[in-house]
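Heads up: the structure comes next, in structure tokens.
Start at 1 and go down the list; that is how both ligands and their atoms are numbered.
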Amino acid sequence: MRFIRRPRWTLPSSAETPEAVFASRRQVLAGLGALALTPAIAGGARAEAGLFPAPRNDRFKLDRALTPEADNAEFNNFYEFGTSKQIARAAAKLKTRPWTVKIDGLVEKPLEIDAEDLMRKLGLEERLYRLRCVEAWSMTIPWTGFPLSRLVALARPLGSAKYLRMETFNDPKVAVGQAKSWFPWPYVEGLTMAEAANELAFIAMGAYGKPLPNQHGAPLRLAVPWKYGFKSVKSIVRFSFVEERPKTFWEALGPGEYGFWANVNPKVAHPRWSQASEQVLGTRDRVPTLLYNGYAEEVADLYKGLEGEKLFV
Ligand SMILES: Nc1nc2c(c(=O)[nH]1)N[C@H]1C(S)=C(S)[C@@H](COP(=O)(O)O)O[C@H]1N2
Ligand SMILES: [Mo]
């Protein structure tokens with residue numbers, strides 16, 4: 001939030017791909033034989049009655065230009081649909097309506113609710129957020145959704161709940177990547193209860209004023225902008241309140257390289273590359289990365305007393 005950059009709308013994201021870094025992250029998978037690349041391009045979003053565009057919450061404005069929608073739509077990480085960035089066409093096959101969301105675990109009363117009912121019930125607002133991928137590229141996205149704290153309130157967790165575990169759909173017939181059994185499907189992520197209650201933790205159901213395109217994780221995905229992108233789990237089907245720290249997808253794949261906390265820190269290098277700076281998607285700019293991705297003011301307090309943990313991996 002501290003850097004004002006010149007936007008360069010004209011450049012295709014493909015020209016900006018820091019290939020070396022992506023290739024490098026794939027090494028973790030290469031050892032497991034997961035190098036299938038899927039060629040495809042963008043799909044589209046449908047219009048949704050009444051709810052979009054939602055009013056912008058001005059407290060979350062940024063001083064960095066938004067990533068052009070087209071760049072964003074054609075450059076994604078969604079391993080369920082393959083390991084390339086161009087998974088939009090493959091992801092278009094996912095049927096996101098109806099979409100049942102389960103809320104269970106340590107709650108007063110487990111419940112199931114359709115994603116569309118959930119957004120009608122919890123309301124929608126727009127927020128401009130950064131996203132910093134662990135691969136050292138970043139973007140800036142206008143998400144539409146609701147604070148995660150509202151979903152927590154709806155769930156009424158018991159005092160014994162310590163973590164919120166979130167799980168992506170699992171359907172290998174639709175998602176080709178899920179047919180590859182060397183991945184620990186389904187994709188799982190987690191937050192502490194305090195993180196889930198932080199005002200920045202957001203459930204996105206739209207982007208750029210429209211319902212979320214499938215490649216971004218329709219119909220609902222997490223957006224926790226102070227953490228590396230892999231924490232922001234897509235296409236969630238289940239929220240479980242649990243006592244034990246969930247084993248997360250990337251942690252399960254490469255525990256030496258990816259951890260539970262995954263807070264952005266330019267001073268803590270990934271074992272195989274620096275995190276000091278980032279390539280701004282859709283531009284030629286490479287800018288310094290900020291502690292907590294620029295959100296230290298909002299989240300640094302969450303980690304007091306946890307200095308012994310691997311907070312930044
Ligand atoms: N289910 C699921 N969620 C996921 C991923 C994934 O592969 N599967 N990739 C993560 C990573 S590494 C990033 S950087 C962001 C990318 O979000 P975007 O494609 O909408 O930009 O989604 C995250 N959420
Ligand atoms: Mo990522």
Cation-pi between R245 and F260: NZ/CZ under 6.0 Å from ring centre and within 45° of the ring axis?
yes
Is the closest heavy-atom distance from E189 to ligand 1 below 4.0 Å?
no
Classify the ring geometry between Y79 and F183 as parallel (under 30°), tilted (30 to 60°) or perpendicular (over 60°).
tilted
Regarding E135 and K85, does a basic nitrogen lie under 4.0 Å from an acidic carboxylate oxygen?
yes
Closest heavy-atom approach to atom 2 (C) of ligand 1 among Y228, Y187, F230 is made by Y187
If you count the atoms of ligand 1 from 1 in the order shown, which ones are under 4.0 Å from a heavy atom of T168?
1 (N)
Thinking salt bridges, do E189 and K247 make one under a 4.0 Å N-O criterion?
no
All side chain to side chain contact (heavy atoms under 4.5 Å, CB included) counterparts of P53, not counting sequence neighbours:
none
Taking side chain to side chain contact (heavy atoms under 4.5 Å, CB included) as the definition, give me every residue that meets it alongside K95, ordered by chain and number, with sequence neighbours left out.
P98
Does at least one non-hydrogen atom of S235 fall below 4.0 angstrom from an atom of ligand 1?
no
Within the 4.0 Å heavy-atom cut-off, what E80 brings close to ligand 1 is side chain
Test side-chain contact (heavy atoms from CB on, under 4.5 Å) on S235 and F78 and set out the steps.
CA-CA 10 Å; S235 303; F78 204 165; 3.4 Å; yes
Ligand 1 atoms in contact with Y79 (distance to a heavy atom under 4.0 Å):
6 (C), 7 (O)
Within the structure, does N72 bring an N/O atom to less than 3.5 angstrom of an N/O atom in ligand 1?
no
Of all the atoms in ligand 1, which lie at a distance below 4.0 Å from a heavy atom belonging to N76?
18 (P), 19 (O), 20 (O)
Would you mind telling me if ligand 1 is within reach of the side chain of N77, the backbone, both or neither, using heavy atoms under 4.0 Å?
both
Numbering as shown, the atoms of ligand 1 that approach V233 to under 4.0 Å (heavy-atom distance)
3 (N), 24 (N)
Mind telling me whether W99 and F169 have parallel, tilted or perpendicular rings, with 30° and 60° as the class edges?
perpendicular
Atoms of ligand 1 less than 4.0 Å from H216 heavy atoms?
18 (P), 20 (O)
Could you list which atoms of ligand 1 come closer than 4.0 Å to a heavy atom of C133?
14 (S)
For W226 and E298, run side chain to side chain donor-acceptor pair (under 3.5 Å): C-alpha distance rounded to whole Å, both residues' side-chain angles, the deciding distance at 0.1 Å, then the answer.
CA-CA 9 Å; W226 71 97; E298 291 89 342; over 6 Å; no
Record the part of F78 in heavy-atom contact with ligand 1 below 4.0 Å; permitted values are side chain, backbone, both and neither.
both
So that I can tick it off, tell me whether D117 and R120 are bridged by a salt bridge, with the cut-off set at under 4.0 angstrom between side-chain N and carboxylate O.
no
Out of Q178, K85, R221, M139, who is nearest to atom 21 (O) of ligand 1 when you count heavy atoms only?
M139
Applying a 4.0 Å heavy-atom criterion (strictly less than), which segment of K231 is in contact with ligand 1: side chain, backbone, both, or neither?
neither
